[in-house]
Number of protein chains: 2
Amino acid sequence: MLSTACVCTKLRRSARAVTALYDDALAPIGMSTPQFALLRTLQRIGASPLSTLAAASGLDRTTLNRTLQPLETSKLICSRPGADQRVRIIELTGAGMSKLALGTPLWEQAQRRMVDTLGADRDQLFTILDRIEEIRA
Amino acid sequence: MLSTACVCTKLRRSARAVTALYDDALAPIGMSTPQFALLRTLQRIGASPLSTLAAASGLDRTTLNRTLQPLETSKLICSRPGADQRVRIIELTGAGMSKLALGTPLWEQAQRRMVDTLGADRDQLFTILDRIEEIRA
DNA sequence: TCGTCTTACGTGTATATGCACCCAAATCAT
DNA sequence: ATGATTTGGGTGCATATACACGTAAGACGA
């Protein structure tokens, strides 16, 4: 593989590699990393409007909507209108929580692999990535 | 946006942010960052079989095929069979080279923005990402 | 040389991602 | 109250990404 000086290409490439690792780990429960990450986020913030969940995830609202569709089809999440009839509340179902419980050790396996590989560089990496996430202004 | 301990989520998030920055910069020539990166790679390695270009780019062969389609439609690249009738040689067209010339200062603008933001951390970041790219083994 | 194995590709399918544009509900100013 | 504005969502479209599967051409051994 050619080396690149392009920060964007470099980051995209590494993200793909890491995604493949986590996807492999999650394969037994038939979920992708973005999907599983969504369940984890929902668990943390609880039932929330679509836009709130999107903001929490750092995803575009429309992207989130599309990502939710297969999860709603497989009943891992459900949605209902809020008091404000415009909002759509997204919520974890019982099946979703079970899936989370099943997937967590699988996710931890990939995560441990990364943490071990990164060692002490992990803090530095996260610090740099924090800065990078704020760039688009 | 919620913070996350997940290395995968973190990397994907930053990659999206940086991609948006480069995409904005490249908007005047109507190309995405992955597309432009492909032209740059082609320029570096010259006319090559699909699989060679895929390996150089660190992309799946089938992903590359799909990414090439709009570029071939807009005549920025062309393809022809090689001596070995199985291979498909991908090549930059004149229009492709012109587009590269037009886009390069735009790409440099985004790249400079990143380099300035990262400062001395850039080397460390690249070193860490190099290690990360080798993880899936 | 004739089958067999390998290699290079293409396509079907599915998810990930976000912009432009549209609709409906809530809010606000007059 | 009512018309204008803002806010929350959904969809069409396009690209990005890769796995599974199928096909054709080259390579190679018996």
Q: If you round to the nearest 0.5 Å, how far is CZ of R12(B) from OG1 of T4(B)?
A: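 T4(B) OG1 to R12(B) CZ: 12.0 Å, rounded to 0.5 Å.
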Q: Quick check: does any side chain N or O of Q111(A) sit under 3.5 Å from a backbone N or O of A5(B), one acting as donor and the other as acceptor?
A: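 It does hold such a pair.
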Q: OP1, OP2 of dG8(D) versus side-chain N and O of R88(A): anything below 4.0 Å?
A: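 No, no such contact exists.
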Q: Between A47(A) and I89(A), which heavy-atom pair has the shortest distance, and what is it?
A: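 That closest heavy-atom pairing would be CB-CG2, 3.9 Å.
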Q: Just wondering, do F36(A) and L106(A) contact through their side chains at under 4.5 Å, heavy atoms?
A: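 A side-chain contact under 4.5 Å is absent here.
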Q: Taking the nucleotide of DNA chain D with the closest heavy atom to each, which residue, P49(A) or G58(B), is nearer the 5' end?
A: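 The answer here is P49(A).
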Q: Taking atom P of dT17(D) as reference, at what distance in whole Å does atom CG of L68(B) sit?
A: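 The distance from CG of L68(B) to P of dT17(D) comes to 12 Å, rounded to the nearest Å.
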Q: In this structure, how many angstroms lie between the C1' atom of dT15(D) and the CD atom of E72(B), rounded?
A: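 Taking atom C1' of dT15(D) as the reference, CD of E72(B) is at 17 Å.
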Q: Indicate whether OP1 or OP2 belonging to dA14(D) is found under 4.0 Å from a side-chain N or O atom of S32(B).
A: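 Indeed not, no polar side-chain atom of S32(B) lies that close.
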Q: If you only use heavy atoms from C-beta on, which nucleotide in dA8(C), dG8(D), dT15(D) is closest to the side chain of S51(A)?
A: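 Nucleotide nearest to S51(A)'s side chain: dG8(D).
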Q: Hey, mind stepping through I132(A) and M114(B) against side chain to side chain contact (heavy atoms under 4.5 Å, CB included) and telling me if it holds?
A: CA-CA 8 Å; I132(A) 286 179; M114(B) 284 307 302; 3.9 Å; yes
Q: For R13(B), enumerate each residue passing the salt bridge (Lys or Arg N to Asp or Glu O under 4.0 Å) test, keeping only those at least two apart in sequence or located in another chain.
A: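 For R13(B) there are no salt bridge (Lys or Arg N to Asp or Glu O under 4.0 Å) partners, ignoring immediate neighbours.
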Q: R12(B) side chain N/O closer than 4.0 Å to the phosphate oxygens (OP1, OP2) of dT17(C)?
A: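 True: R12(B) side-chain N/O within range (under 4.0 Å) of dT17(C) OP1/OP2.
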Q: Reckon T63(B) has a side-chain N or O less than 4.0 Å from the OP1 or OP2 of dA18(D)?
A: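 So the side-chain polar atoms of T63(B) do come within 4.0 Å of the phosphate oxygens OP1 or OP2 of dA18(D), strictly under.
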Q: Using salt bridge (Lys or Arg N to Asp or Glu O under 4.0 Å) as the criterion, list what pairs up with R66(A), not counting sequence neighbours.
A: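 With neighbours one apart ignored, the set is empty.
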Q: Using whole Å, what does the distance between atom P of nucleotide dT15(D) and atom CG of L59(B) come to?
A: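 About 16 Å, once rounded to whole Å.
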Q: Using heavy atoms to find the nearest nucleotide of DNA chain D for T33(B) and N65(A) separately, return the residue whose nucleotide is more 5′.
A: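 Checking each residue's closest nucleotide, the 5'-ward one belongs to N65(A).
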Q: Provide a list of protein-nucleic acid N or O atom pairs under 3.5 angstrom, restricted to nucleotides 20-27 of chain D.
A:
| residue | atom | partner | partner atom | Å |
| --- | --- | --- | --- | --- |
| dG26(D) | OP1 | Q85(B) | N | 3.3 |

Q: dA14(D) C1' sits how many Å from M31(B) CE, rounded?
A: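 Whole-Å distance recorded here is 14 Å.
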Q: Is R66(A) touching bases, backbone alone, or none of the nucleic acid, heavy atoms closer than 4.0 Å?
A: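 Here R66(A) touches the bases of the nucleic acid.
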Q: Closest to the L50(A) side chain: dC9(C), dG10(D), dA16(D)?
A: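 Nucleotide nearest to L50(A)'s side chain: dG10(D).
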Q: Tell me the interatomic distance from Q69(A), atom CD, to dG10(D), atom C1', rounded to whole angstroms.
A: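 My rounded result for the distance is 9 Å.
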Q: Which nucleotide sits closest to the side chain of R16(A): dT11(D), dA18(D), dT17(C)?
A: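 The listed nucleotide nearest to R16(A)'s side chain is dA18(D).
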Q: I need the CG-P distance between L71(A) and dT15(C), as an integer number of Å.
A: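 Rounding to the nearest Å, CG of L71(A) and P of dT15(C) are 9 Å apart.
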Q: Starting from P on dA18(D), measure out to CG on L26(A) and report it in whole angstrom.
A: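 Rounding to the nearest Å, CG of L26(A) and P of dA18(D) are 17 Å apart.
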Q: In whole Å, I'd like the distance from the CZ atom of F36(A) to the P atom of dA16(C).
A: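 Atom-to-atom, F36(A) to dA16(C), this comes out as 14 Å.
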Q: Please report the shortest heavy-atom distance between A95(B) and K75(B), naming the atom on each side.
A: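 That would be CB-O, 3.7 Å.
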